[in-house]
S.K.: 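Here you go, one structure.
The first residue of the sequence shown is numbered 1, and numbering continues consecutively from there. All ligand and atom numbering here is 1-based and tracks the order in the structure.
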Amino acid sequence: MITKPKGCTDITGNDSLLWQYVNGVVAEMMRNYNYEYIRTPIFEVSELFHRSVGEASDIVKKETYDFIDKGNRNMTLRPEGTAGVVRSYLENKLYASPDTKKYYYNGTMYRYERPQSGRLREFTQFGVEVIGSNDEIIDAEVISLQYRILEALHIGNLQVNINTLGDNESRENYKKALVAYLEPHLNELCDDCKERFKTNPLRILDCKIDSDSEILKNAPKTIDYLNEYSKERFNKVLRYLDLLEIDYEVNPRIVRGLDYYDHTVFEIVSLDDNNASVLGGGGRYNKLIKELGNIDSYGIGFACGIDRIINLLKEMPLYQSIQKEIDCFVMYVSEEEKLHALDIVQNLRLNGVVCETDNLNKGLKGQFKEADRLNSKYLIILNNEDLQKGLVNIKDNATKEEEKVDIDEVVDYIISHL
Ligand code: HAM
């Protein structure tokens with residue numbers, strides 16, 4: 001038998017109900033916050049990710065799905081959504097209008113990772129990118145939107161871990177201090193960190209292998225190397241978050257694994273989650289737009305992993321309570337009754353009633369069973385005798401009460417009883 005590729009998932013049954021629920025909440029919240037849906041390609045030219053996510057990032061070094069297409073072009077399946085949105089913004093000259101662009105997306109991403117719980121090769125993110133405003137009110141909006149979506153999904157005990165990398169000057173000063181601090185301890189770090197020391201020393205701070213080492217715990221903090229502007233900017237973001245009543249903790253170890261960030265960076269976790277997996281993260285990336293398009297602009301965004309959210313929701317009572325159900329099951333036996341069933345089912349469906357009928361030539365007993373399996377609220381039981389009088393038999397499947405109803409009134413009857 002052919003099986004699915006390693007690190008991928010099939011979404012079926014109750015899991016797919018949960019996915020639809022998550023997607024519905026996300027779309028509704030995005031609408032409330034006035035974010036526009038954007039859809040960019042699943043693959044892009046490889047250079048886009050090398051120049052944005054960064055040559056030195058784990059994603060580009062080890063995790064991208066690269067291929068050469070039939071035209072001999074180097075292509076990459078997108079490992080994340082930000083680069084594609086920024087490319088689209090630049091390519092379509094969306095900067096020509098002066099307003100701030102607020103986009104959201106929801107789609108599959110690809111990273112060649114070692115599969116484990118919450119870490120897949122094909123996974124789905126929803127996320128936002130806001131391009132064109134450097135106002136701290138947007139940093140606070142983006143962080144609170146991420147928080148409020150997870151809250152609306154009934155994920156409790158949320159905590160935002162927030163930090164700032166500051167502007168270029170602050171970041172360079174910090175990098176120097178960090179390098180000077182780490183150099184004497186280099187031999188005590190893992191092989192990956194020795195490599196990171198040369199290519200991107202900041203990344204050493206969020207190394208998973210060395211995360212408990214005293215060396216990293218005592219490392220200099222970005223916050224102590226901020227210039228006045230960066231410090232004031234960060235304090236404003238925190239002030240706005242206080243006003244919005246977002247639970248956050250300033251965590252100097254948050255530096256994020258992608259190269260494009262400056263100023264605000266953040267990740268969100270649920271303290272109820274035993275795996276303590278990061279549900280989402282993001283940050284500001286003002287210099288990325290300049291790097292990719294030579295345009296002075298500003299950007300900030302976040303992305304949340306839906307697979308991780310689903311893993312968490314599955315442990316909650318909500319999952320136990322969701323079940324497939326339909327409004328109505330139409331039952332028949334003879335060919336004559338079947339013609340009426342077909343017509344009634346179509347009328348009900350076109351009027352927004354979720355309904356089903358037999359398609360396996362089952363007898364009435366089998367159809368009753370099927371209606372129960374589908375958790376049908378009402379049963380419409382057809383028989384030739386009633387039909388000749390223009391009537392159908394409708395049974396409330398919970399109270400078991402039955403009523404004869406005029407065939408032309410079926411839709412109104414069901415809708416008024418739902
Ligand atoms: P990221 O931290 O790489 O950021 O990913 C965001 C979220 O995607 C993670 O917190 C996690 O929930 C989910 N995720 C990442 N990798 C996997 C995986 N292999 N399997 C399952 N879930 C995964 C970004 O992608 C940035 N583009 C976020 C951003 C938007 N920054 C600014 N704008």
S.K.: Only heavy atoms of G301, strictly under 4.0 Å: list the atoms of ligand 1 that pass.
M.R.: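 Heavy-atom distances to G301 below 4.0 Å select 30 (C), 31 (N), 32 (C), 33 (N).
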S.K.: Backbone, side chain, both or neither: what part of I300 comes under 4.0 angstrom of ligand 1, heavy atoms only?
M.R.: neither
S.K.: If you have a sec, work out which protein heavy atom is nearest atom 3 (O) of ligand 1 and how many Å separate them, to one decimal?
M.R.: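 So the nearest neighbour among protein heavy atoms is R111 NH2, 2.9 Å.
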S.K.: Are any of the N/O atoms in C304 less than 3.5 Å from those in ligand 1?
M.R.: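 N/O-N/O distance below 3.5 Å does not exist for this pair.
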S.K.: Is the shortest side-chain N to carboxylate O distance from K231 to E228 below 4.0 Å?
M.R.: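 Counted as a salt bridge, because a side-chain N and a carboxylate O are separated by less than 4.0 Å.
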S.K.: Provide, to 0.1 Å, the distance between atom 28 (C) of ligand 1 and the closest protein heavy atom, together with that atom's residue and name.
M.R.: G281 O, 3.5 Å
S.K.: As an exercise, identify every atom of ligand 1 less than 4.0 angstrom from a heavy atom of Y285.
M.R.: 32 (C), 33 (N)
S.K.: Give me the residue, atom name and distance of the protein heavy atom closest to atom 33 (N) of ligand 1.
M.R.: E129 OE1, 2.9 Å
S.K.: Parallel, tilted or perpendicular: which one describes the rings of H417 and Y413, with boundaries at 30° and 60°?
M.R.: parallel
S.K.: Only heavy atoms of V278, strictly under 4.0 Å: list the atoms of ligand 1 that pass.
M.R.: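 Numbered from 1, ligand 1 contributes 10 (O), 11 (C), 12 (O).
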S.K.: Hey, are K236 and D139 close enough for a salt bridge, meaning a charged N less than 4.0 Å from a carboxylate O?
M.R.: no
S.K.: Only heavy atoms count here, so choose which of F126, F123, F302, Y260 is nearest to atom 26 (C) of ligand 1.
M.R.: Y260
S.K.: Touching ligand 1 at all, T82? Heavy atoms, strictly under 4.0 Å?
M.R.: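 It does, in that a heavy atom of T82 comes within the 4.0 Å cut-off of ligand 1.
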S.K.: Among all protein non-hydrogen atoms, which one is nearest to atom 19 (N) of ligand 1, and what is the separation to 0.1 Å?
M.R.: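 Protein heavy atom at minimum distance: E113 OE2, 2.6 Å.
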S.K.: Should E129 and K101 count as an ion pair when the cut-off is N to O under 4.0 Å?
M.R.: no
S.K.: Only heavy atoms of Y261, strictly under 4.0 Å: list the atoms of ligand 1 that pass.
M.R.: 26 (C), 28 (C), 29 (C), 31 (N), 32 (C)
S.K.: I need the nearest protein heavy-atom contact for atom 27 (N) of ligand 1: residue, atom name and distance, please.
M.R.: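 I find the closest protein heavy atom is E80 OE1, 2.6 Å.
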S.K.: Please state which protein non-hydrogen atom is closest to atom 13 (C) of ligand 1 and give its distance, to 0.1 Å?
M.R.: G305 CA, 3.6 Å
S.K.: Please determine whether a side-chain nitrogen of the Lys or Arg among K287 and E291 lies less than 4.0 Å from a carboxylate oxygen of the Asp or Glu.
M.R.: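 No, this pair does not count.
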S.K.: Tell me whether L120 has any N or O atom under 3.5 angstrom from an N or O of ligand 1.
M.R.: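 Right, the criterion is met.
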S.K.: Below 4.0 angstrom, N of the basic side chain to O of the carboxylate: do R148 and E245 qualify?
M.R.: no
S.K.: Salt bridge check, D191 against K194: does any charged N sit closer than 4.0 Å to a carboxylate O?
M.R.: yes
S.K.: Can a salt bridge be assigned to the pair R284 and D262 using a cut-off of 4.0 Å between side-chain N and carboxylate O?
M.R.: no
S.K.: Look at atom 25 (O) of ligand 1 and find which of R78, Q146, R114, Q125 reaches it with the closest heavy atom.
M.R.: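 Shortest heavy-atom distance from atom 25 (O) of ligand 1: Q125.
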S.K.: So if I count the atoms of ligand 1 from 1 in the order they appear, which ones are less than 4.0 Å from some heavy atom of G280?
M.R.: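 Within the 4.0 Å cut-off of G280, ligand 1 contributes 10 (O).
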